[in-house]
Amino acid sequence: MTEHALVPADFVVPTELITPLFRLEPLGPQHNAADHAAWSAGIEHIRATPGFEDREWPPVGGMTLEANLHDLQKHADDFAQRRGFTYTVIGTGIDVGDGDGDGGDYEVIGCVYIYPARGDGQDPRPHVSSWVRADRAELDAPLHAAVSDWLATDWPLGSVRYAPR
């Protein structure tokens, strides 16, 4: 990754995106267990998601909770240094089975990554990717649409590379 900020110094980086189906907030170490559970339950699904087919993440054999925590800390550091922005996707109105039936609980259902162009030199546009859990696959297209609109209206990135759905 680059050591340079992805956005201008005077840009106030959004700390959330809220839709009726999900909300985004900066990914950090506090999400470790829920994030690990979300991606490790559907590795093949994520690796088949547009934008992840040629990547080495998530690892086919998974990774430990400790290794995941290390990755989340790197993403949090990138966010703090404005080098890249990773958001956890939290489902809203989902009853996570705590027995209260109120439907107001939350669970991690995916991730969004906003980073500088990859080092291949072919395309200088910032690279955006996202995934959702296999059991929430129906939210992939709505997430893509919401993030695309958000980036176009609220971010100073111009055109981005974000695999279509």
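Everything quoted here is computed from the prediction, not taken from an experiment.
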Inset, instruction - Answer yes or no: is there a donor N or O on one side and an acceptor on the other, between the side chain of Ser148 and the main chain of Ala145, under 3.5 Å? - result: no

Legend entry - Atom pair NZ (Lys74) and CZ (Arg83), whose distance is rounded to the nearest 0.5 Å: 11.0 Å

Inset, instruction - First locate atom CD of Gln30, then atom CG of Leu69, and finally report the distance between them rounded to the nearest 0.5 Å. - result: 10.0 Å

Legend entry - Of all pairs that satisfy side-chain hydrogen bond (donor to acceptor under 3.5 Å, both in side chains), the ones with a partner from residues 125-135, not counting sequence neighbours: Arg55-Ser129, Glu107-Arg133, Tyr113-Trp131, Arg118-His127, Asp123-Arg125, Arg125-Ser159, Ser130-Tyr162, Ser130-Arg165, Arg133-Asp135

Legend entry - Glu56 atom CD, neighbour heavy-atom count above 12 within 6.0 Å: no

Legend entry - Asn32 (side chain) donor-acceptor with Leu65 (main chain) under 3.5 angstrom: yes

Legend entry - For Tyr87, all residues meeting ring pair (Phe, Tyr, Trp, His ring centres under 6.0 Å), sequence neighbours excluded: Phe79, Trp150

Legend entry - Side chain proximity check, Trp57 to Pro59, heavy atoms < 4.5 angstrom: yes

Legend entry - Test item: Met63 and Asp71 side chains (from C-beta on) under 4.5 Å apart, heavy atoms: yes

Legend entry - Nearest heavy-atom neighbours spanning Ala76 and Gly28: CB-CA, 4.4 Å

Legend entry - Least distance between heavy atoms, Gly51 atom then Ala163 atom: N-CB, 3.7 Å

Legend entry - Test item: Val7 and Phe85 side chains (from C-beta on) under 4.5 Å apart, heavy atoms: yes

Legend entry - Partners passing side-chain hydrogen bond (donor to acceptor under 3.5 Å, both in side chains) against Glu25 (at least two apart in sequence or in another chain): Arg23, His31

Legend entry - Beyond-backbone contact of Val147 with Ile114, side-chain heavy atoms, under 4.5 angstrom: no

Legend entry - Minimum heavy-atom distance Val108-Ala34, with the two atoms named: CG2-CB, 3.6 Å

Inset, instruction - Using the side-chain hydrogen bond (donor to acceptor under 3.5 Å, both in side chains) rule, collect all pairs that involve residues 11-22, keeping only residues at least two apart or in two chains. - result: none

Inset, instruction - Taking the side chain as every heavy atom from C-beta outward, state whether His75 and Gln73 have any atom pair closer than 4.5 Å. - result: no

Inset, instruction - Supply the members, apart from Leu72, of the Ile/Leu/Val/Met/Phe/Trp/Tyr cluster built from side-chain contacts under 4.5 Å; use none for a lone residue. - result: Leu27

Legend entry - Shortest non-hydrogen contact between Val60 and Ile43, atoms and distance: O-CD1, 3.8 Å

Inset, instruction - To the nearest 0.5 angstrom, please state how far the CD1 atom of Ile18 sits from the CD1 atom of Ile90. - result: 10.5 Å

Legend entry - Straight-line distance of Glu138 CD to Leu143 CG, nearest 0.5 Å: 11.5 Å

Inset, instruction - Report the residues that fulfil side chain to side chain contact (heavy atoms under 4.5 Å, CB included) with Thr64, sequence neighbours left out, ordered by chain and then residue number. - result: Glu66, Ala67

Inset, instruction - State, yes or no, whether a side-chain contact exists between Asn68 and Trp39 at a heavy-atom distance under 4.5 Å. - result: yes

Inset, instruction - Kindly compute the distance separating CZ (Phe22) from CG (Leu17), expressed to the nearest 0.5 Å. - result: 6.5 Å

Legend entry - Verdict with reasoning, Thr49 to Val132, per side chain to side chain contact (heavy atoms under 4.5 Å, CB included): CA-CA 9 Å; Thr49 298; Val132 295; over 6 Å; no

